[in-house]
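For reference, the structure discussed in these notes is given below.
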Amino acid sequence: MTFNPNAEIRSDNVSSSGGGGGMLGGGRGPRGRIALGGGGGCLLLIIVIIYALAGGNPLELLGGTTTGQEQPVTGEALAGCETGEDANRRDDCLVQATIESADSFWSQAAPAAGIDFSEPRGTLYPGQVQTGCGPATSAVGPFYCPADATIYIDAGFFEELESRYGASGGQLSKMYVVAHEYGHHIQNLDGTMSRIDRSGTGPQSDGVRLELQADCYAGLWTRHATSTVDENGTAMLAPLTRQDIEDALSGASAVGDDHIQGEVAGGEVNPDSWTHGSSEQRRTWFLRGYEEGTYQACDTFSEAEV
């Protein structure tokens with residue numbers, strides 16, 4: 001899936017933090033902890049990325065705290081991200097354009113589902129960033145912080161998603177990651193995040209169901225993405241192809257708990273420890289949202305098994 005080269009993707013809600021050294025105290029923040037312990041540090045990195053992709057506060061695993069009152073660093077508008085052509089060339093512009101497309105879709109779909117809708121913010125951060133949930137580095141991967149209603153992404157993650165985790169690298173594989181994090185914003189708005197029990201693990205736990213619901217919302221956005229329009233009424237995205245869907249499924253599979261535990265980390269697959277769902281579960285729920293195309297179809301919490 002590609003963006004219409006003529007679509008306008010400028011945004012007042014997406015910015016770059018600019019990164020910078022020293023914010024986390026000279027390497028004593030999350031990345032410093034992860035680097036300790038050789039292979040154990042690598043495994044911790046994998047655990048953190050899984051946790052973050054579920055929409056949880058990864059800083060809980062890294063010694064950070066969430067006060068709900070902290071404010072993110074004020075960023076600057078992304079330079080050179082103005083049209084769909086820019087989004088097709090640059091991953092940072094792709095993030096901005098995907099959030100803009102999701103804004104267009106959810107501004108209609110959320111109120112229709114009885115949700116008091118407000119747009120999230122998006123922050124591109126190279127390396128490290130201060131968030132409403134505390135300080136973070138790119139080691140935690142993309143995540144959504146409910147305290148400041150912001151999606152945080154280091155665009156360098158997309159290369160790692162392909163090279164390390166085995167995703168196809170297609171455009172919709174990248175957009176899936178952004179749309180998934182946007183799904184967590186919807187869960188924040190409709191109260192799901194505050195209602196569930198996040199303490200359990202395993203394939204049927206609330207944490208996994210939250211993750212799979214966000215995958216379903218990503219599929220739901222994908223179903224309707226080609227009908228989203230910019231402020232001038234121009235279609236934002238070109239028509240989907242079967243390869244586009246395969247790319248999205250590849251991204252979903254790449255961040256499955258079983259795939260990361262086994263093939264990426266080289267360890268034993270332990271379903272009892274899952275917090276995000278298997279590759280098969282993630283593919284299944286993305287497709288549920290895509291094929292059924294409704295908010296109601298994504299109610300993972302009413303299913304006996306997911």
Side-chain angles (χ1 to χ4, degrees), residues 1 3-4 7-15 54-56 68 72 84 87 94-123 132-133 142-153 172 175-196 206 209-240 248 285-303 306:
M1 178 187 277
F3 286 91
N4 180 343
E8 182 177 309
I9 66 164
R10 284 187 287 266
S11 174
D12 294 328
N13 289 333
V14 181
S15 61
L94 176 143
V95 171
Q96 177 169 295
T98 303
I99 291 175
E100 286 295 290
S101 173
D103 285 343
S104 175
F105 168 67
W106 284 109
S107 65
Q108 303 295 319
I115 301 169
D116 186 11
F117 178 74
S118 60
E119 295 178 355
R121 295 193 61 81
T123 295
C133 297
F143 66 97
Y144 171 77
C145 173
D148 56 27
T150 300
I151 296 166
Y152 290 93
I153 295 180
L172 192 54
M175 295 180 208
Y176 152 77
V177 172
V178 183
H180 172 97
E181 298 306 333
Y182 202 110
H184 288 310
H185 178 63
I186 300 302
Q187 293 168 323
N188 188 30
L189 294 180
D190 70 11
T192 300
M193 281 189 170
S194 61
R195 288 194 301 266
I196 67 169
D206 278 4
R209 290 170 187 266
L210 188 78
E211 171 78 359
L212 298 180
Q213 186 176 63
D215 283 336
C216 188
Y217 289 156
L220 177 58
W221 165 78
T222 300
R223 167 70 175 264
H224 300 283
T226 56
S227 63
T228 60
V229 296
D230 65 14
E231 293 184 353
N232 299 317
T234 301
M236 296 194 71
L237 286 142
L240 279 165
W285 281 96
F286 175 87
L287 284 174
R288 173 80 70 92
Y290 174 71
E291 292 173 348
E292 298 194 21
T294 67
Y295 170 82
Q296 292 74 18
C298 295
D299 185 3
T300 55
F301 295 94
S302 67
E303 299 284 325
V306 289

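Since the structure is predicted, the reported quantities are computational estimates derived from the model, not experimental observations. Residues: numbered from 1 along the sequence shown.
Within a 6.0 Å sphere centred on CG of D12, other residues, nucleotides and ligands contribute 12 heavy atoms or fewer. More than 12 heavy-atom neighbours from other residues, nucleotides or ligands sit within 6.0 angstrom of CD on Q296.
When side chains are defined from C-beta on, I186 does not count as touching W221, because their heavy atoms never get closer than 4.5 Å. D103 places a side-chain heavy atom less than 4.5 Å from the side chain of P120. Between S104 and S227, the closest side-chain pair of non-hydrogen atoms is not below 4.5 Å. For the pair L172 and L240, the minimum side-chain heavy-atom distance is below 4.5 Å. Side-chain contact between Y176 and T222 is absent, with no heavy atoms from C-beta onward closer than 4.5 Å. Annotation: side chain of S101 is in contact with side chain of L237 (closest heavy-atom distance under 4.5 Å).
In this structure, the side chain of Q187 does not engage the main chain of M193 through any donor-acceptor pair within 3.5 Å. Distance alone, capped at 3.5 Å, places no donor-acceptor pair between the E119 side chain and the N13 backbone. The backbone N or O of R121 lies less than 3.5 Å from no partner atom in the side chain of H185, so there is not a single donor-acceptor pair. Proximity of a side-chain donor or acceptor of T98 to a complementary backbone N or O of L94 within less than 3.5 Å is detected. Within the 3.5 Å criterion, the main-chain N or O of T300 finds a donor-acceptor partner in the side chain of R209. Remark: side-chain polar atoms of D190 are not paired, donor with acceptor, to backbone N or O of I115 under 3.5 angstrom.
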*Could you go step by step and tell me if F301 and V306 meet the side-chain contact (heavy atoms from CB on, under 4.5 Å) rule?*
CA-CA 8 Å; F301 295 94; V306 289; over 6 Å; no
*Test side-chain hydrogen bond (donor to acceptor under 3.5 Å, both in side chains) on T234 and N232 and set out the steps.*
CA-CA 6 Å; T234 301; N232 299 317; 5.4 Å; no
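Atom CD of Q213 is separated from atom CG of L220 by 10.5 Å, given to the nearest 0.5 angstrom. Remark: F3 CZ to M236 CE distance equals 6.0 Å, nearest 0.5 Å. Summarising the geometry, atom CD1 belonging to I9 is positioned 11.5 Å from atom CG belonging to N4; distances are rounded to the nearest 0.5 Å. Atom OG1 of T123 is separated from atom CD1 of I153 by 10.0 Å, given to the nearest 0.5 angstrom. Rounding to the nearest 0.5 Å places OG of S194 at 8.0 Å from CG of N188. Rounded to the nearest 0.5 angstrom, S11 OG and E231 CD are separated by 9.0 Å.
Scanning all heavy atoms of the two residues, the minimum distance from E303 to D299 falls at CG-O, 3.8 Å. Among all heavy-atom pairs drawn from A147 and C133, the shortest one is CB-SG, 4.0 Å. Of all heavy-atom pairs spanning G289 and R223, the tightest one is O-CB, 4.3 Å. For V177 against P142, the heavy-atom pair with the smallest separation is CG1-CG, 3.7 Å. In terms of heavy-atom proximity, Y295 sits nearest to A113 at CD2-CB, 3.5 Å.
By the 30° and 60° cut-offs, the orientation of the rings of W106 relative to Y217 is perpendicular. Between Y290 and F286, the two ring planes are parallel [angle under 30°; tilted spans 30° to 60°].
Taking the six-membered ring where the residue is Trp, the centroids of Y182 and Y144 are separated by 6.0 Å or more.
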